[in-house]
Amino acid sequence: MKKLYILILSLMMFIALAVSGCGSTTDSKPAAGGTGTAPEIKAIQDRGTLKVGVKVDVPKFGFKDPKTGQIDGFEIDLTRALAKKILGDEKKFEAQGVTAKTRGPLLDNGEVDLVIATFTITEERKQSYNFSDPYFTDGVALMVKKDSGITDLKGLADKTIGVAQSATSKKAIQEAADKEGIKVKFLEFGTYPEIKTALDSGRINCFSVDGAILYGYLDDTTVILNDRFTPQEYGVASKKANAGLAKTVNDTINDMKKSGELDKLMQKWGLK
Amino acid sequence: MPGPFAGFKWLALVNDWSVFAEGFVQTILLSALGLTLALGLGIFFGLLGTSHVKLFKLLNRVYVEFIQNTPLVIQIFFLYHGLPHLGIMLPVFVVGVLGVGVYHGAYIAEVIRAGVESVPRGQLEAAYSQGFSYWGAMIHIVLPQAKRISYPPLTNQAVNLIKNTSVLAMVAGGELMYHADSWSSNNLYYGPSYVATGLLYLSLCFPLATFAKRMERKLEVSS
């Protein structure tokens with residue numbers, strides 16, 4: 001029996017290694033220099049649609065209207081601009097709803113070409129994915145129940161804060177709390193609605209995520225505090241191997257910044 | 001080398017092994033307590049199901065059908081998010097033990113009932129004719145025979161219970177799956193994280209499953 005056990009364990013290890021080996025050989029190499037079209041861009045053009053992972057539960061950024069089924073928002077407009085740049089038609093994109101947890105895996109398995117989903121740029125994440133220059137900067141904010149009487153981070157001493165898995169909020173709040181010299185506890189949940197449910201049921205005392213996202217969950221019983229922590233810079237992410245695509249995306253975003261188009265979009269969505 | 005299984009991601013996993021160890025210990029504790037509760041509930045309600053008293057039988061059916069025909073996730077969500085609205089705030093560990101314990105208790109009740117009912121009626125009648133009371137006949141004649149039939153499926157329930165504790169990751173349960181989710185989603189090194197977590201569950205469940213198979217052979221339930 002012991003032998004069988006060892007056999008199965010080693011088999012699993014082997015599979016894991018084999019999968020990782022495949023990953024490295026099938027990744028396409030970035031296109032040389034600025035001449036010609038990068039193979040991954042060529043592939044998108046051949047396919048005819050740009051596949052993008054977007055948020056569908058963040059009003060103003062990426063939100064699916066339950067009545068019409070249409071996804072719209074600042075990041076969707078950004079997607080349109082990129083589709084126009086790559087395919088010459090702003091309608092040629094396919095939006096797929098992602099969560100903080102699914103966006104990485106979807107990029108890795110090629111299900112989406114780009115992720116434009118309030119994805120904060122961090123050094124750690126840069127090791128796994130290409131990020132464009134930031135197209136939006138937001139701060140982490142705190143939402144509490146009105147009747148809790150909490151008005152700032154200090155009021156949350158020894159309280160529990162609900163954050164999303166794969167979000168940078170936990171680190172940001174932890175650092176701020178350390179500075180204030182208070183202790184806070186964290187609970188992590190898979191989706192934003194789950195955090196809101198936990199806040200409603202009193203499991204947690206505070207719902208913390210980027211300010212813009214938090215506004216989508218504001219209601220009569222809750223209030224968003226004025227404090228903002230650690231600026232969160234959002235970037236467009238692509239697979240590490242797709243360097244050509246990353247460059248095109250980055251150029252497009254910088255062009256939009258220079259031409260003032262990006263500012264216009266932010267104004268359109270009331271983000272400035 | 002990029003990709004979900006890149007070498008530096010494995011290194012990060014090794015460095016942070018204590019995160020996984022903490023979750024692993026929590027999962028073992030949760031499973032042990034959950035199993036104790038499930039066995040207690042299962043034996044109690046299983047025996048109610050074999051009784052001739054209509055009310056007892058009804059109690060068994062209500063419990064078994066209600067629990068077996070609703071998803072464990074819903075039951076956990078009710079305990080975690082629902083009860084606080086009724087003024088009952090259970091710690092998440094208690095939610096876990098109650099959740100998997102009550103859920104698998106229903107399955108174990110069926111295993112016990114099936115085991116007892118598989119013992120030929122004549123055995124009970126023979127016991128009565130020897131002057132045994134109902135409970136005497138149960139304890140000395142019927143249950144020892146039912147035990148043989150029930151052991152292997154009971155072990156299956158234990159294996160399922162261990163795996164099902166992972167549902168608690170959805171309510172920040174602090175067990176192995178939660179730690180794996182939490183760790184991998186902060187740095188997006190999900191590849192090594194889930195492989196390692198799978199292996200840890202395997203290391204708990206495989207010996208149990210093997211034990212079940214060996215027992216089946218020993219008890220000659222299967223050849």
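Throughout, protein chains are lettered first and strands after them, A, B, ... in sequence-line order, and every chain is numbered starting at 1.
When side chains are defined from C-beta on, B/Phe77 does not count as touching A/Thr197, because their heavy atoms never get closer than 4.5 Å. You'll find the side chain of B/Tyr189 reaches within 4.5 Å of the side chain of A/Glu124, heavy atoms only. No side-chain heavy atom of B/Ser184 sits under 4.5 Å from any side-chain heavy atom of A/Gln165. Side-chain contact check for A/Glu188 versus B/Tyr178: some heavy-atom pair is nearer than 4.5 Å.
Remark: the backbone N or O of A/Ala198 is not paired with any side-chain donor or acceptor of B/Tyr80 at under 3.5 angstrom.
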Under the side chain to side chain contact (heavy atoms under 4.5 Å, CB included) rule, what do B/Met89 and A/Arg203 come out as? Steps first, then yes or no, please. CA-CA 8 Å; B/Met89 179 92 75; A/Arg203 283 269 166 204; 3.9 Å; yes
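Nearest heavy-atom pair across A/Asp200 and B/His85 is O-CE1, 3.7 Å. In this structure, B/Pro84 and A/Ser201 approach most closely via the heavy-atom pair CB-O, 3.1 Å. Taking all atoms of both residues into account, the shortest heavy-atom contact from B/Leu188 to A/Phe119 is CD1-CZ, 3.6 Å.
Crowding of B/Tyr107 atom OH: a count of heavy atoms from other residues, nucleotides or ligands under 6.0 Å exceeding 12. Within 6.0 Å of the NZ atom in A/Lys51, the count of heavy atoms belonging to other residues, nucleotides or ligands exceeds 12. Environment of NZ in B/Lys147: sparse, with no more than 12 heavy atoms of neighbouring residues, nucleotides or ligands closer than 6.0 Å. Within a 6.0 Å sphere centred on NZ of A/Lys146, other residues, nucleotides and ligands contribute more than 12 heavy atoms.
Within the 4.5 angstrom heavy-atom criterion, only side-chain atoms of B/Tyr194, from C-beta onward, approach chain A.
Interatomic distance, OG of A/Ser128 versus OH of B/Tyr190, reported as 8.5 Å (0.5 Å rounding). From B/His81, atom NE2 reaches atom CD of A/Glu194 across 6.0 Å, with rounding to the nearest 0.5 Å.
With chain B as the partner, the residue from A/Gly104, A/Pro105, A/Gly202, A/Gly190 showing the most heavy-atom pairs under 4.5 Å is A/Pro105.
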